[in-house]
There are 4 protein chains.
Amino acid sequence: MSTVSRREKEKQQRRNDIIEAAEELFDAKGFESTTIEEIARKTELSKGTIYLYFQSKDELLLEVCAKGIMGFRQDLEAAANSKRSIDNKIKAVCAAYIDYFIKVPHIFRVLHDTLTERLRNNLSGETMSLINWTIVEVLKFSSAIVQQGIDSGKFRSDIDPYSFSIAVWQMSSGLLDLAILKDPGIIDRDSLEEILSKSIDIMIDGLKAGAPGESRGR
Amino acid sequence: MSTVSRREKEKQQRRNDIIEAAEELFDAKGFESTTIEEIARKTELSKGTIYLYFQSKDELLLEVCAKGIMGFRQDLEAAANSKRSIDNKIKAVCAAYIDYFIKVPHIFRVLHDTLTERLRNNLSGETMSLINWTIVEVLKFSSAIVQQGIDSGKFRSDIDPYSFSIAVWQMSSGLLDLAILKDPGIIDRDSLEEILSKSIDIMIDGLKAGAPGESRGR
Amino acid sequence: MSTVSRREKEKQQRRNDIIEAAEELFDAKGFESTTIEEIARKTELSKGTIYLYFQSKDELLLEVCAKGIMGFRQDLEAAANSKRSIDNKIKAVCAAYIDYFIKVPHIFRVLHDTLTERLRNNLSGETMSLINWTIVEVLKFSSAIVQQGIDSGKFRSDIDPYSFSIAVWQMSSGLLDLAILKDPGIIDRDSLEEILSKSIDIMIDGLKAGAPGESRGR
Amino acid sequence: MSTVSRREKEKQQRRNDIIEAAEELFDAKGFESTTIEEIARKTELSKGTIYLYFQSKDELLLEVCAKGIMGFRQDLEAAANSKRSIDNKIKAVCAAYIDYFIKVPHIFRVLHDTLTERLRNNLSGETMSLINWTIVEVLKFSSAIVQQGIDSGKFRSDIDPYSFSIAVWQMSSGLLDLAILKDPGIIDRDSLEEILSKSIDIMIDGLKAGAPGESRGR
DNA sequence: GATGAATGAGTATTCATTCAT
DNA sequence: AATGAATGAATACTCATTCAT
């Protein structure tokens with residue numbers, strides 16, 4: 001049994017190695033421009049072996065995306081569940097999002113590419129479902145927080161929390177996108193956090209403006 | 001002369017046909033996955049003829065991008081120069097951006113793809129320069145408007161107008177991106193404008209919060 | 001009639017222009033690598049017009065070769081007919097050959113290429129016949145001179161004049177070939193004439209060695 | 001190990017098959033007019049497989065040339081090193097040259113083509129370097145022999161051995177060239193050796209004429 | 001006669017995928 | 001399980017030739 005399980009582990013390990021190699025290459029060169037040959041070389045396996053673990057190049061992309069999304073949700077929940085003021089919760093969620101992907105820009109870019117319609121054609125609906133489902137989960141999370149703010153009277157009530165979450169998400173993603181360009185011509189990685197945090201501040205202030213419970217002069 | 005000018009016109013027409021076909025295909029399938037053969041078939045021309053009008057597939061992409069950018073800047077300037085309150089100017093600029101690209105989602109996506117790093121590698125700097133230059137121009141425009149707001153005391157002064165513009169731009173682009181997915185799973189095209197306009201409202205309110213000229217109790 | 005003849009002349013002129021352009025391009029880039037487009041550009045005519053004067057690219061090569069051979073025969077006969085010693089006649093013929101082609105290396109190379117089997121496949125038998133016929137004529141010429149030398153007892157009689165002529169011809173061509181390489185790595189154009197003349201001397205001396213009428217010690 | 005070595009051998013075999021097929025086709029149709037498709041068909045492999053063994057069509061030509069040159073040098077050295085009179089050494093070297101290439105006319109023609117300027121443009125310097133280097137080596141060899149003749153007083157001293165070698169080389173090549181035309185219009189393969197040997201005789205006699213050690217009245 | 005736009009067969013090269021060992 | 005040799009369909013691009021104007 002020990003033998004079997006070692007084998008099993010090795011297999012898992014190899015699977016992971018391949019996914020990681022693919023991750024980096026898809027990011028660096030794009031999905032289309034990455035060849036199986038390159039993935040094989042990077043993992044020091046043969047081309048044939050790749051096909052022992054994955055049925056096709058497309059399936060590899062699916063796995064890369066899936067893996068990228070998994071870990072991310074945990075960070076997000078942790079940030080949202082920490083006991084803080086609502087303001088801070090929102091900021092924490094954004095920060096978690098940014099922090100996660102700034103560490104693995106590859107994954108961010110691959111996911112972003114995948115979400116983009118162009119790739120959708122090449123992919124099984126399975127991948128898309130997984131990605132979409134996760135996105136929606138995250139948005140529900142954020143919406144709930146905003147709703148709390150509204151319920152408590154801290155935030156104005158004339159907004160749709162879900163829509164607001166989408167807007168913040170897109171702003172964050174967009175800024176992240178710019179920051180992780182290899183040759184950042186527009187904003188650099190360092191100013192990203194500042195711009196983002198400032199922007200979130202502004203949006204939160206905007207949320208408070210006109211709130212029923214807004215305390216004068218504050 | 002009539003003959004010459006007719007020919008010239010037909011040539012221009014053909015050129016445009018090719019660009020339009022490329023536009024749609026690049027959008028639908030991505031640049032890499034689009035073949036010259038497909039462009040030829042779509043225009044009912046032969047492969048060779050495409051090369052009579054464009055030197056390479058890359059040049060074709062350049063033209064698609066260039067064309068996409070041209071008209072857009074005019075709309076933007078018009079929106080910014082219209083006499084309105086600062087709030088409305090900002091909203092008008094965003095609306096112009098959205099309105100333009102919602103009409104030509106292909107172009108938006110191609111431009112977005114092109115800006116994306118992966119493609120940057122494959123492209124002559126020319127394309128990138130044109131796109132970058134336009135982006136920076138637009139951002140300067142928007143920054144100037146925000147600066148006016150700060151100078152007049154309407155907006156808080158602890159923000160960087162350029163950074164703020166970037167944030168708004170990314171938010172808008174992101175929302176646009178979602179809205180023009182062929183199979184929009186997250187937001188639909190109709191609610192886009194509402195979400196965006198609401199979000200801009202919130203941001204503007206946020207900008208005003210804490211502004212020196214803010215009348216207490218507002 | 002004047003009009004007709006002018007037209008006729010212009011036509012001839014154009015024909016010649018095309019041949020000359022082709023000549024230079026076939027030489028510079030080889031037959032295969034030269035495009036009709038390039039010939040058209042060089043003559044400032046359109047591609048279609050080239051086909052008004054020549055049925056195909058192959059026919060153009062035929063004409064280039066034919067023209068190259070024409071003028072050459074005259075020089076050769078003149079050299080052979082001049083009244084000189086037999087030694088000098090042989091030298092004069094070689095010199096005429098070299099002088100002619102050193103002036104028009106293009107033609108030499110095109111002819112050489114054409115004689116070479118590889119191109120023969122592409123050509124109508126007509127071209128080959130013309131070229132072969134001229135070569136044989138020239139060789140007969142030279143042979144006759146050598147024969148005179150044998151008959152007069154100046155040259156040894158154990159040789160075949162025709163074969164000898166071929167050998168001298170090939171030696172000359174080979175040296176010429178080396179000398180007109182654009183980037184001559186083996187011999188330069190200046191030393192060509194010296195090497196050749198020295199070699200001819202040696203061969204003539206060899207011809208005399210053992211000749212019946214050889215005067216001792218001379 | 002047996003398996004590995006068999007595989008290795010098969011690979012070498014395949015490599016050789018491809019080179020041989022290329023050799024014959026390059027000879028029959030010229031480099032430019034030969035397609036990879038044809039080489040594949042002739043070897044009963046697929047186009048893709050050709051590229052498994054050679055990076056490009058150019059590299060294939062390089063190998064064809066390289067292979068052609070290798071064996072040849074050995075024959076040449078053997079001929080030159082055999083103990084014989086100087087006259088016979090010179091004859092032996094020429095004969096070795098002729099004998100080698102008469103067996104592999106393909107290679108001779110491919111090498112000749114490659115040396116030809118037109119091709120020089122398309123090729124990596126590597127091929128040219130190898131060919132040039134070998135040519136120069138061979139010429140040095142021959143020159144040394146002639147020099148021995150001069151030093152020993154058998155040959156006249158007013159000649160440059162290197163130049164003389166070039167002349168003999170070109171004569172030999174030229175004759176060879178004619179002899180191996182598929183449809184030899186000028187000399188046939190059988191008479192080649194006679195013509196060449198006679199010509200060399202004449203040249204050697206010419207070399208002796210006027211030599212210091214020439215016994216009068218000989 | 002002259003043009004040049006249009007054609008489409010042809011070329012080198014790449015790469016996902018298969019399969020015998 | 002792992003390999004890597006073989007495949008062949010696909011792709012960007014070229015060019016001799018035709019033909020409507």
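Numbers restart at 1 for each chain; the letters A, B, ... are given by sequence-line order, proteins then strands.
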Without swapping roles, check the side chain of B/T43 against the backbone of B/A40 for a donor-acceptor pair under 3.5 Å.
yes

Tell me the interatomic distance from D/Y51, atom OH, to E/dA16, atom P, rounded to whole angstroms.
18 Å

Set of side-chain hydrogen bond (donor to acceptor under 3.5 Å, both in side chains) partners for D/R15, sequence neighbours left out:
D/E63

5'-most contact on DNA chain E: D/Q55 or B/L52, nearest heavy atom basis?
B/L52

Taking atom types as modelled, find out whether C/D17 and C/Q13 have a side-chain donor-acceptor pair closer than 3.5 angstrom.
yes

Hey, can you pull the residues of residues 11-19 of chain A with a non-hydrogen atom under 4.0 angstrom from DNA chain E?
none

Starting at CD1 of A/I50 and ending at P of E/dC19, how long is that distance when rounded to a whole Å?
19 Å

Any residue meeting salt bridge (charged side-chain N to carboxylate O under 4.0 Å, His left out) with D/E38, in chain and number order, not counting sequence neighbours:
D/K29

Distance test, side-chain N/O of A/S46 to OP1/OP2 of F/dG4, below 4.0 Å:
no

So what does A/Y53 touch, heavy atoms closer than 4.0 Å: a base, only the sugar-phosphate, or nothing?
sugar-phosphate

Contacts of A/Y51 meeting ring-ring contact (aromatic ring centres under 6.0 Å, His included) (sequence neighbours excluded), chain-then-number -> none

For the side chain of C/E59 and the backbone of C/Q55, is there at least one donor-acceptor N/O pair under 3.5 Å apart?
yes

For A/S46, enumerate each residue passing the side-chain hydrogen bond (donor to acceptor under 3.5 Å, both in side chains) test, keeping only those at least two apart in sequence or located in another chain.
A/T49

Whole-Å gap separating C1' (E/dT21) and CD (D/E10):
11 Å

Only Watson-Crick and G-U wobble pairs with both distances less than 3.5 Å should count. Give DNA chain E in dot-bracket notation, marking inter-strand partners with |.
.||||||||||||||||||||

Give me, pair by pair, the N or O atoms of the protein and of nucleotides 9-11 of chain E that are less than 3.5 Å apart, along with how far apart they are.
unit_1, atom_1, unit_2, atom_2, d
E/dG10, O6, B/K47, NZ, 3.0

Round to a whole Å and report the spacing from CD of C/E37 to C1' of F/dT17.
13 Å

Can you list the residues that meet the ring-ring contact (aromatic ring centres under 6.0 Å, His included) rule with B/F54, with sequence neighbours excluded?
none

To the nearest angstrom, the CG-P distance between D/L61 and E/dA12 comes to 13 Å

Of all residues at least two apart in sequence or in a different chain, which pass the side-chain hydrogen bond (donor to acceptor under 3.5 Å, both in side chains) check with B/K11?
none

Residue whose nearest DNA chain F nucleotide is more 5′ - D/L45 or C/S56:
D/L45

Under the salt bridge (charged side-chain N to carboxylate O under 4.0 Å, His left out) test, residues paired with A/K57 that sit two or more places apart:
none

Just the rounded figure in Å: distance from P of E/dA6 to CZ of B/R41.
19 Å

So, is B/T49 close to the E/dA6 phosphate, meaning a side-chain N or O under 4.0 Å from OP1 or OP2?
no

In this structure, how many angstroms lie between the P atom of E/dA5 and the NZ atom of B/K9, rounded?
17 Å

Rounded interatomic separation in angstrom, taking CD from C/E38 and P from F/dT14
12 Å

Sequence neighbours excluded, the answer for salt bridge (charged side-chain N to carboxylate O under 4.0 Å, His left out) partners of A/K42 is A/E24

Under the side-chain hydrogen bond (donor to acceptor under 3.5 Å, both in side chains) test, which residues partner C/R14, sequence neighbours left out?
C/Y53

